[in-house]
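The figures that follow rest on heavy atoms only: side chains count, while hydrogens, waters and symmetry mates do not. All values reported here derive from a predicted model rather than from experimental measurement. Numbering starts at 1 and runs along the sequence shown. Counting convention: from 1, in listed order, for ligands and their atoms alike.
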Amino acid sequence: MSEVTAIEHLIASQRRWSPHATGQFTSLMHDLILSAKIISRNVNQAGLVDILGSTGSINVQGEQVQKLDTFANNTLVYRMQSSGAVCAVGSEEMAEPFFVPENEPHGHYVIFFDPLDGSSNIDVGVSIGTIFSIYRRPDDENYWELTPEALMRPGLEQVAAGYFLYGSSTMLVYSTGHGVNGFTLDSSIGEFLLTHPNIQIPRVGKYYSANHGYYKYWNEAAQQAVTTFSLPENRPPRSLRYVGSLVADFHRTLLKGGLFFYPEDSNHPNGKLRLMYEASPMAFLAEQAGGKATDGKMRILEKVPPSIHVRTPLIIGSADDVDQVMEFYQDSGSN
Ligand code: AHM
Ligand code: MG
């Protein structure tokens with residue numbers, strides 16, 4: 001196994017791609033990694049310490065807030081705010097982005113995150129994760145004129161995106177726009193080591209991943225698309241895998257190929273997943289690994305968010321599998 005740490009790998013890649021880097025992004029990644037190690041430790045201790053269960057409050061999405069959600073959010077906000085590398089932080093758990101005050105050290109990055117994705121799985125020991133999306137502060141904005149609206153940029157402008165997976169092992173998978181690399185936490189030394197260099201998503205996969213329980217709420221294109229995976233005419237069916245944690249479902253899709261599918265439905269007319277801190281970062285990774293991501297009408301990375309918590313349908317994974325689904329959307333006129 002490689003003994004290259006995530007930060008060593010980042011520094012080597014900056015020498016190649018950004019020789020004038022100031023160290024601010026490295027500092028941001030260092031603090032992000034530290035936050036994830038702290039969250040990972042608490043996730044692993046869930047059940048031993050009083051961190052399972054709900055806080056009793058409801059978040060801006062109208063969902064139950066779990067204690068670990070709050071812990072993960074507080075950890076990330078505190079570390080990002082004190083990193084000196086960011087000027088604004090947006091989170092699934094906060095109604096509005098947070099701007100680092102003028103009298104505190106700040107930098108030119110903006111970070112959005114879902115602190116603990118898949119939180120309904122926390123209490124049942126299933127993999128969960130942290131998703132992040134990083135932008136550079138818009139050049140034309142003076143710091144004190146920076147508004148929440150100025151932060152609403154299309155995913156194409158991300159400078160980095162990725163996730164931490166708290167699963168059978170803790171992993172970091174991310175991209176700075178030069179391919180996708182995966183690192184596994186070696187808890188004996190407390191470092192993420194490079195274990196999955198230059199990840200490429202297979203062109204076709206043997207799995208598809210969707211909440212089949214919502215079939216009757218889907219439109220015809222979505223129903224037909226999924227039927228070609230579960231009941232194909234001329235070949236064996238694909239295997240269904242659905243964890244219900246985007247990080248876990250996407251991670252499998254990235255490594256093994258296949259399709260992750262969360263369309264709009266009659267209960268979620270705009271889909272369920274959030275564009276800025278779920279769909280866009282995963283789309284950045286999928287494309288960097290040779291895959292595709294669309295909402296059924298347009299490329300996810302070209303969508304300009306009207307607001308931080310906007311939702312989107314998501315069809316993501318192996319390029320040929322996404323294309324196959326898109327044929328049904330085009331034929332049905334849903335496109
Ligand atoms: P969360 O951010 O509140 O945890 O919700 C997002 C999760 C995703 O991880 C997962 O893909 C999806 O919701 C599962 O939704 P459903 O239970 O409707 O299948
Ligand atoms: Mg989430």
Side-chain angles (χ1 to χ4, degrees), residues 36 39 43 46 51-73 76-77 90-95 112-133 161-167 171 173 207-219 222-223 226 230 240-254 258-283 285-286 293 295 300 305 308-317:
I39 297 168
V43 166
I51 198 133
L52 286 179
S54 153
T55 58
S57 53
I58 302 290
N59 71 7
V60 286
Q61 324 281 337
E63 296 154 355
Q64 283 269 350
V65 177
Q66 306 293 319
K67 289 181 196 164
L68 264 172
D69 276 333
T70 306
F71 175 81
N73 189 58
L76 282 160
V77 171
S91 164
E92 179 182 353
E93 299 298 331
M94 305 191 304
F112 297 94
F113 44 75
D114 181 349
L116 215 48
D117 178 63
S119 46
S120 63
N121 283 320
I122 293 172
D123 287 2
V124 291
V126 171
S127 300
I128 47 183
T130 296
I131 309 172
F132 59 90
S133 161
Y163 56 83
F164 294 91
L165 169 72
Y166 312 114
M171 284 196 70
V173 175
Y207 300 117
Y208 74 102
S209 189
N211 189 335
H212 238 296
Y214 296 157
Y215 187 88
K216 74 172 190 174
Y217 303 129
W218 291 342
N219 63 29
Q223 289 180 337
V226 162
S230 57
L240 169 64
R241 294 280 187 279
Y242 191 71
V243 173
S245 277
L246 176 62
V247 173
D249 284 316
F250 180 77
H251 186 65
R252 182 198 53 252
T253 306
L254 184 66
L259 183 82
F260 175 87
F261 186 65
Y262 204 118
E264 67 271 43
D265 62 44
S266 48
N267 292 326
H268 305 96
N270 300 311
K272 177 186 180 194
L273 299 172
R274 275 53 60 109
L275 177 62
M276 293 209 72
Y277 42 81
E278 292 180 323
S280 262
M282 295 315 198
L285 292 174
D295 68 358
I300 293 287
I308 178 170
H309 299 297
V310 68
R311 296 172 191 269
T312 179
L314 180 63
I315 303 165
I316 189 167

For [X], take its heavy atoms, then give the atoms of ligand 1 lying under 4.0 Å from any of them.
X	answer
Asp114	2 (O)
Glu278	2 (O), 6 (C)
Tyr262	15 (O), 16 (P), 18 (O), 19 (O)
Tyr242	14 (C), 15 (O), 16 (P), 19 (O)
Tyr214	16 (P), 18 (O)
Asn211	16 (P), 18 (O), 19 (O)

So, do His251 and Tyr163 have ring centers that fall under 6.0 Å from each other?
yes

Heavy atoms only: give me the nearest [X]-[Y] pair and the separation to one decimal.
X	Y	result
Asp249	Arg241	OD1-O, 3.9 Å
Asp117	Asp114	OD1-OD2, 3.1 Å
Pro281	Ile131	CG-CG2, 3.6 Å

Proximity of [X] to ligand 1 by residue part, where a heavy atom lies under 4.0 Å:
X	result
Ser119	both
Asp249	neither
Leu246	both

Should [X] be counted as touching ligand 1, given the test is an N or O pair under 3.5 Å?
X	answer
Arg274	yes
Gly118	yes
Ser245	no

Out of Lys272, His212, Glu92, who gets a non-hydrogen atom closest to atom 2 (O) of ligand 1?
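The residue whose heavy atom sits nearest atom 2 (O) of ligand 1 is Glu92.
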
Check against side-chain contact (heavy atoms from CB on, under 4.5 Å), Val310 and Asn270:
CA-CA 9 Å; Val310 68; Asn270 300 311; over 6 Å; no

Rounded distance (nearest 0.5 Å) linking atom [atom1] of [X] with atom [atom2] of [Y]:
X	Y	atom1	atom2	answer
Ile316	Phe260	CD1	CZ	8.5 Å
Thr253	Leu259	OG1	CG	7.5 Å
Met94	Phe113	CE	CZ	5.5 Å

For Tyr208, which residues count as a ring pair (Phe, Tyr, Trp, His ring centres under 6.0 Å) partner, sequence neighbours excluded?
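Ring pair (Phe, Tyr, Trp, His ring centres under 6.0 Å) check on Tyr208 returns His212, Phe229.
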
